[in-house]
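Working notes, beginning with the structure itself.
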There are 2 protein chains.
Amino acid sequence: MSKKYYSIGEVSEKTGVSVRTLHYYDEVGLLTPAKNEKSGHRQYEEKELITLYKIISFKSLGFSLDRIKELLKETNSTHSLLDAFQLQKEIMLQQMKSLEKNINTLNQTIELLKDKGEIDSTILMSLIYSLQTEDKQKEWLEQYIDKEALDQFYEKIDTKRDDINKGFVEFSEKLKELYGKPVDSPEVMALVEECYQYAMNYIDEDVMEVFAGKVEAEDLENLDFKQLQNIAPSPFTKEEEKWFDQVIEYYMTKYAEQEIDDSNEE
Amino acid sequence: MSKKYYSIGEVSEKTGVSVRTLHYYDEVGLLTPAKNEKSGHRQYEEKELITLYKIISFKSLGFSLDRIKELLKETNSTHSLLDAFQLQKEIMLQQMKSLEKNINTLNQTIELLKDKGEIDSTILMSLIYSLQTEDKQKEWLEQYIDKEALDQFYEKIDTKRDDINKGFVEFSEKLKELYGKPVDSPEVMALVEECYQYAMNYIDEDVMEVFAGKVEAEDLENLDFKQLQNIAPSPFTKEEEKWFDQVIEYYMTKYAEQEIDDSNEE
DNA sequence: TCTTGCACCTACAGTAACGTGAGGATGTAT
DNA sequence: ATACATCCTCACGTTACTGTAGGTGCAAGA
């Protein structure tokens with residue numbers, strides 16, 4: 001035969017794997033060619049080339065070197081290979097989902113930034129965080145709202161993503177501007193009213209009712225809302241939030257009065 | 001105020017980031033809270049909590065900590081954020097493509113393993129490698145075949161993936177079995193004929209002609225085929241390949257004779 | 001008063017899969 | 001013989017953490 005061995009350089013050339021990487025594979029016992037006694041140079045035979053191609057193939061499918069070491073021993077048993085591949089596929093599908101979510105969030109954020117220009121970084125963070133944890137938010141909501149109504153709600157939202165994001169940012173900005181004003185000042189009330197009306201565009205009445213009913217029924221003040229806060233941090237400081245709570249409270253009582261008035265008039 | 005500072009434990013609890021990781025962020029200068037002079041305990045203020053949420057958000061979008069450190073400084077300039085997000089989106093789209101390719105390969109391999117049971121690991125490797133580098137193969141082919149015909153060809157193939165993979169494996173196995181037999185033995189010739197016919201199911205005549213013409217026209221024996229070998233290693237050993245080359249050569253001369261006979265009879 | 005436990009601290013080490021570079025030995029062509 | 005390419009080993013750097021050991025300060029229980 002013209003040539004029995006390949007030098008490490010040749011192997012690197014042929015396969016595109018760096019010399020250092022071949023050293024490393026030798027070091028960890030993944031691919032251990034014989035060595036020339038005198039020079040210590042590595043001598044790769046054809047069977048090792050084939051093994052290397054197997055390694056490259058497995059690696060390209062996302063397996064770790066440790067896993068590959070096992071798989072190389074088991075390549076005769078096709079059954080364990082099948083298992084490994086199916087598992088690996090599940091893992092990659094998971095990764096796909098996560099990537100899709102990220103791209104989605106990035107798309108929405110990019111649209112928003114293009115549209116709005118400057119955005120308070122805290123508000124932006126809050127939005128991104130919220131978009132990224134939407135699944136968990138939905139899970140949380142499923143405790144209180146039945147899945148069907150929720151699915152419907154999210155479907156509706158899905159078509160108006162960019163509008164809603166913009167609304168969220170704008171209301172947050174305006175609220176931050178008004179922070180500190182008396183809770184019963186007309187500007188504040190006007191904004192809250194506007195905000196409420198805006199939200200009502202997207203929230204079905206039945207969803208609202210179910211939720212309102214639950215809120216009164218359960219004592220979720222402590223435990224559960226804390227969990228939600230963890231899932232979706234607000235864009236406001238503690239101070240702002242305190243003020244905002246008062247605003248809401250005032251608005252609710254006023255709103256309740258008006259409701260009574262309305263129903264009396266009917 | 002009831003509470004000015006959060007302890008590291010509280011922050012960890014609130015955000016889900018481990019204490020050790022918070023230590024780490026402090027160490028690398030990503031999030032450096034003040035320290036109590038006496039005890040050395042870290043004291044997180046609300047602004048640092050907000051920063052931490054920003055960090056979490058950016059991290060979930062796939063940014064490195066170094067990049068995040070820069071982004072945190074630039075959060076006021078929305079412009080650089082937009083750039084960063086757009087770049088990040090491109091990166092994630094790339095990753096998506098790569099993942100899709102992997103899942104595709106895994107799916108095909110899984111189907112094949114389910115269908116065939118035992119498969120020679122070298123043949124399997126060759127197939128996987130080939131599936132994973134299909135893009136590069138196509139690029140290589142584009143040098144010789146015009147894109148339109150090629151696209152058409154791949155489209156056709158795409159609908160019959162599993163069949164073709166199975167065919168590839170079976171012909172490879174059979175060829176390996178026959179290795180060593182005389183190149184003009186009837187079994188060998190029958191297999192090659194069968195293989196040729198099988199391939200013709202998928203290769204359009206015009207593609208074949210273009211390619212055949214090119215093969216004669218150019219001297220791509222050396223440079224370019226080496227490149228292809230790098231892209232798609234064969235499932236055969238050097239010895240087997242040598243033998244196979246002879247088989248093909250013999251087949252081609254025989255085929256050429258037959259062609260002449262055929263045209264004479266017409 | 002002792003000690004137990006808890007939350008916190010620092011500091012060192014280890015992970016995966018290499019990249020990079022130093023310093024020296026070997027192979028090959030002229 | 002000399003130049004130059006190629007190879008060797010050794011060892012540190014990278015990313016984003018995680019683990020562990022040994023030590024401090026403080027509050028509650030025996």
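Model, not experiment: these values are computed from the prediction.
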Legend entry - Audit row: A:Lys101, A:Asp135, salt bridge (charged side-chain N to carboxylate O under 4.0 Å, His left out) steps and yes/no: CA-CA 10 Å; A:Lys101 189 193 64 189; A:Asp135 287 357; over 6 Å; no
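- Atom P of nucleotide D:dC7 and atom CD of A:Gln43 are separated by 12 Å, given to the nearest angstrom.
- Shown here are the ring-ring contact (aromatic ring centres under 6.0 Å, His included) partners of B:Tyr154, two or more places apart in sequence or in another chain: there are none.
- Whole-Å rounding puts the A:Asn36 CG to C:dT28 C1' distance at 15 Å.
- Applying the side-chain contact (heavy atoms from CB on, under 4.5 Å) test to A:Gln86 and every residue at least two apart in sequence or in another chain returns A:Leu82, A:Asp83, B:Ile110, B:Lys114.
- Rounded to 10°, the helix from C:dT1-D:dA30 to C:dT30-D:dA1 has 30° between the axis fitted to its first five pairs and the one fitted to its last five.
- Listed by chain and residue number, B:Lys116 satisfy the salt bridge (Lys or Arg N to Asp or Glu O under 4.0 Å) test with B:Glu170 (two or more places apart in sequence, or in another chain).
- Annotation: side-chain contact (heavy atoms from CB on, under 4.5 Å) contacts of A:Thr21 (sequence neighbours excluded): A:Val17, A:Ser18, A:Tyr25.
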Protein-nucleic acid N or O pairs under 3.5 Å, nucleotides 8-12 of chain D:
from  : atom 1 : to      : atom 2 : distance (Å)
D:dC8 : OP1    : A:Arg42 : N      : 2.9
D:dC8 : OP1    : A:Arg42 : NH1    : 2.9
D:dC8 : OP2    : A:His23 : NE2    : 2.7
D:dC8 : O5'    : A:Arg42 : NH1    : 3.4
D:dT9 : OP1    : A:Lys35 : NZ     : 2.6
D:dT9 : OP2    : A:Arg42 : NH1    : 3.1
D:dT9 : OP2    : A:Arg42 : NH2    : 2.9

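- When rounded to the nearest whole Å, the span between CG of B:Leu22 and P of C:dC9 equals 9 Å.
- Under the salt bridge (Lys or Arg N to Asp or Glu O under 4.0 Å) criterion, B:Lys38 pairs with no residue at all, not counting sequence neighbours.
- Within a heavy-atom distance below 4.0 Å of DNA chain D, no residue of residues 59-69 of chain A is found.
- Looking at A:Glu48 and A:Lys4, no side-chain N of the basic residue comes within less than 4.0 Å of a carboxylate O on the acidic one, giving no salt bridge.
- Note on B:Ser7: every side-chain N or O is 4.0 Å or more away from OP1 and OP2 of C:dA7.
- Partners of B:Ile164 according to the side-chain contact (heavy atoms from CB on, under 4.5 Å) rule, which considers only residues two or more places apart in sequence or in another chain, are B:Ile157, B:Lys160, B:Tyr202.
- Side-chain atoms of B:Ser18 lie closest to D:dT18 of the nucleotides C:dC8, D:dT18, C:dC18.
- Considering only residues two or more places apart in sequence or on other chains, A:Phe171 meets the ring-ring contact (aromatic ring centres under 6.0 Å, His included) condition with A:Tyr198.
- Annotation: side-chain contact (heavy atoms from CB on, under 4.5 Å) contacts of A:Ser39 (sequence neighbours excluded): A:Asn36, A:His41.
- A donor-acceptor pair is defined here as one N or O able to donate and one able to accept, closer than 3.5 Å; no such pair exists between the side chain of B:Gln43 and the backbone of B:Tyr6.
- Straight-line distance from the OH atom of B:Tyr6 to the C1' atom of C:dA7: 19 Å, rounded to whole Å.
- The aromatic rings of A:Phe63 and A:Phe58 stand perpendicular to each other, their planes meeting at an angle above 60°, with 30° marking the opposite boundary.
- For the segment residues 24-31 of chain B, the set of residues with a heavy atom within less than 4.0 Å of an atom of DNA chain D comprises B:Tyr24, B:Tyr25, in numerical order.
- The aromatic rings of A:Trp243 and A:Tyr179 sit perpendicular, their planes meeting at an angle over 60°, well past the 30° parallel limit.
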